[in-house]
Amino acid sequence: MRNLMQEDIVTMVQEEDVEFIRLQFTDVLGNLKNMAVTSSQLSKILKNECKFDGSAIEGFVGEDEADLYLHPIPGTFETFPWRPQQGKVARMVCDVYRQDGEPFEGDPRYVLRRAVDRLKELGYGFEVGPECEFFLFNTDDNTMPTTKTMEQAGFFDVGPLDFGENARRDIVLALEDMGFVAESSHPEKSPAQHEICFRYDEPLATADNIMTFKLAVRTIARRHGLHCTFMPKPRADVNGSGMRLNVNLTQDGRNCFRDSQDPNFMSKEAYYFLGGLMKHVKGITAIANPLVNSYKRLANDSDAPSYVSWSKMNRSALFRIPTIRRGEGTRIEFGSPDAAANPYLLLAVCLEAGIDGIKNQIEPPEKLEKNAALMTAAEREEAKVDKLPMTLEEALDELEKDQVLMDALGEHVAKKYIAIKRAECEAYNKSISQWELEEYLYKY
């Protein structure tokens, strides 16, 4: 995030010929929302006087307390490179406030900011590097999305197998124009599946970047006649998409997870943070894997870890400790999240779980260098390897039982999120799938 002042925004709007400014915020479910305002209203924008009807946003407020205010963050000002270069369109990420000037407790960004502040009280910073996977599918003659593709590319293939390379190139270039540092981009395991990884950053900037990333990928894919989806498991016959998180603590500019004297190159903070994540991961799953569809990926994909274990090198583990240059890049890699997750809430609950681990010196269990999915039930029981919830309903039950995570979300967000997701589960349970019709209609 750039260090910009309000006067910098005024100058940039004038010099770059910005005509519209999108004031962006995120709802409880992780959907990007925005209000478009012309540059003639810049003074009003910078005085935090732009209000909107919060009752129109699912999970926000009722009609009796509808007015909420957008407070734009100057450092998030960026122009959209895919929009016209005359009369440009810019965006600013916003915090949401109530009429009385207090932060709105239902704003996911506020939930994360509160967790970051608690970590700062312990003297630490936090860095996050996401690995975002997505599919680029064909559209039909009416430009409606399908799950069809002509691609045959797999891991790291090149054209002509990689039909999506032009779209992916334009996505990366657009993101870099907006200040992103894309460290890598390549085809993933399944045809039409891609991954882009961007550089580590602090939590709020990372969550903001994930939301902007999704917008950019969808927009540019559309310009190539493709449909981008972050749905975790859009097809049963191929691997689904995840969003691995790489995290570490910092203190005075150094990586606090590093200890070159430890056999695993891990400091005591790294062990305790990992212990906290493993203790709370069942409840975290309701946030990290927020859709009914998320559990189709966890139940079926070899690359989506569903057993609670940690390892140094085994990529099948839920938590992995990859090390670079003798511990210089020591971090925790969390393998189960998917990109449908609200990044603000996901990072907030991960932070609070790690804080609990540090405060209470929670040790992780013994590391497991085997693939837990290939072990027998008896072997897993002997090794005390637990399993993640395998349905959204089970994950919500675990979240409700976990007071640390419920406090991290706050009463407003926790109540709204769980109610919306319970309703989603109920609607799914009432639906009749194509599989059921094909399997049962003629047999019974």
Peer 1: Quiz question: by atom type and distance under 3.5 Å, do the side chains of Glu393 and Thr391 form a donor-acceptor pair?
Peer 2: no
Peer 1: Counting neighbours of NZ on Lys370 that are heavy atoms of other residues, nucleotides or ligands and sit closer than 6.0 Å, is the number greater than 12?
Peer 2: no
Peer 1: With no hydrogens and no angle check, is any side-chain donor or acceptor of Arg380 less than 3.5 Å from a backbone partner on Met375?
Peer 2: yes
Peer 1: Flag yes if more than 12 heavy atoms outside Tyr97 fall under 6.0 Å of its OH atom; otherwise flag no.
Peer 2: yes
Peer 1: Would you say Ser241 and Gln193 are linked by a side-chain donor-acceptor pair, where the criterion is simply a distance under 3.5 Å?
Peer 2: yes
Peer 1: Are the aromatic rings of Phe198 and Phe180 close, with centres under 6.0 Å apart?
Peer 2: yes
Peer 1: Who passes side-chain contact (heavy atoms from CB on, under 4.5 Å) against Asn142, sequence neighbours left out?
Peer 2: Asp140, Met144
Peer 1: Can the ring centres of Phe104 and Tyr110 be said to be less than 6.0 Å apart?
Peer 2: no
Peer 1: Are Phe319 and Ser311 close enough that some pair of their side-chain heavy atoms sits under 4.5 Å apart?
Peer 2: no
Peer 1: With sequence neighbours left out, write down each residue that passes ring-ring contact (aromatic ring centres under 6.0 Å, His included) with His224, or none if nothing qualifies.
Peer 2: none
Peer 1: Could you check whether Asn264 and Tyr271, counting side-chain N and O atoms only, form a donor-acceptor pair closer than 3.5 Å?
Peer 2: yes
Peer 1: Can you give me every donor-acceptor pair (side chain of residues 9-28, partner residue at least two apart or in another chain, under 3.5 Å) with its distance?
Peer 2:
| from | atom 1 | to | atom 2 | distance (Å) |
| --- | --- | --- | --- | --- |
| Thr11 | OG1 | Glu7 | O | 3.1 |
| Asp17 | OD2 | Gly87 | N | 2.8 |
| Asp27 | OD1 | Leu29 | N | 3.0 |
| Asp27 | OD1 | Gly30 | N | 3.0 |
| Asp27 | OD1 | Asn31 | N | 2.7 |
| Asp27 | OD2 | Asn31 | ND2 | 3.3 |

Peer 1: How about CZ on Arg422, more than 12 heavy atoms from neighbouring residues, nucleotides or ligands closer than 6.0 Å, or not?
Peer 2: yes
Peer 1: Who pairs with Glu439 by salt bridge (charged side-chain N to carboxylate O under 4.0 Å, His left out), at least two apart in sequence or on another chain?
Peer 2: Lys443
Peer 1: What residue among Glu131, Glu333, Glu133 forms side chain to side chain donor-acceptor pair (under 3.5 Å) with Arg244?
Peer 2: Glu333
Peer 1: Can you tell me if CG on Asp252 sees more than 12 non-hydrogen neighbours from other groups inside 6.0 Å?
Peer 2: no
Peer 1: Sequence neighbours left out, cut at 3.5 Å: what donor-acceptor pairs do the side chains of residues 207-223 make with other protein atoms?
Peer 2:
| from | atom 1 | to | atom 2 | distance (Å) |
| --- | --- | --- | --- | --- |
| Asp208 | OD1 | Arg109 | NE | 3.1 |
| Asp208 | OD1 | Tyr344 | OH | 2.5 |
| Asp208 | OD2 | Arg109 | NH2 | 2.8 |
| Asn209 | ND2 | Ala205 | O | 3.2 |
| Thr212 | OG1 | Arg91 | NE | 3.3 |
| Thr212 | OG1 | Arg91 | NH2 | 2.8 |
| Thr212 | OG1 | Asp208 | O | 3.2 |
| Lys214 | NZ | Ala339 | O | 2.4 |
| Thr219 | OG1 | Leu215 | O | 2.7 |
| Arg222 | NH1 | Thr143 | O | 3.1 |
| Arg222 | NH2 | Thr143 | O | 2.9 |
| Arg222 | NH2 | Thr143 | OG1 | 3.4 |
| Arg223 | NH1 | Trp82 | O | 2.9 |
| Arg223 | NH2 | Trp82 | O | 2.6 |

Peer 1: What residue pairs, at least two apart or across chains, pass salt bridge (charged side-chain N to carboxylate O under 4.0 Å, His left out) with a residue in residues 226-240?
Peer 2: Lys233-Asp301, Arg235-Asp237
Peer 1: Identify the residue among Asp386, Asp397, Asp402 that makes a salt bridge (charged side-chain N to carboxylate O under 4.0 Å, His left out) with Lys282.
Peer 2: Asp386
Peer 1: With salt bridge (Lys or Arg N to Asp or Glu O under 4.0 Å) as the criterion, how do Glu369 and Lys312 come out once you've worked through the C-alpha distance, each side chain's angles and the decisive distance to 0.1 Å?
Peer 2: CA-CA 7 Å; Glu369 295 297 352; Lys312 272 188 68 179; over 6 Å; no
Peer 1: CE of Met92 to CG of Leu4: how many Å apart, nearest 0.5 Å?
Peer 2: 8.0 Å
Peer 1: Which heavy atom of Lys416 sits nearest a heavy atom of Phe60, and at what distance?
Peer 2: CE-O, 3.9 Å
Peer 1: Between Tyr295 and Glu394, do the side chains contain a donor N or O and an acceptor N or O under 3.5 Å apart?
Peer 2: no
Peer 1: In terms of side-chain heavy atoms, does Thr250 have a donor or acceptor partner in Glu127 at a distance below 3.5 Å?
Peer 2: no
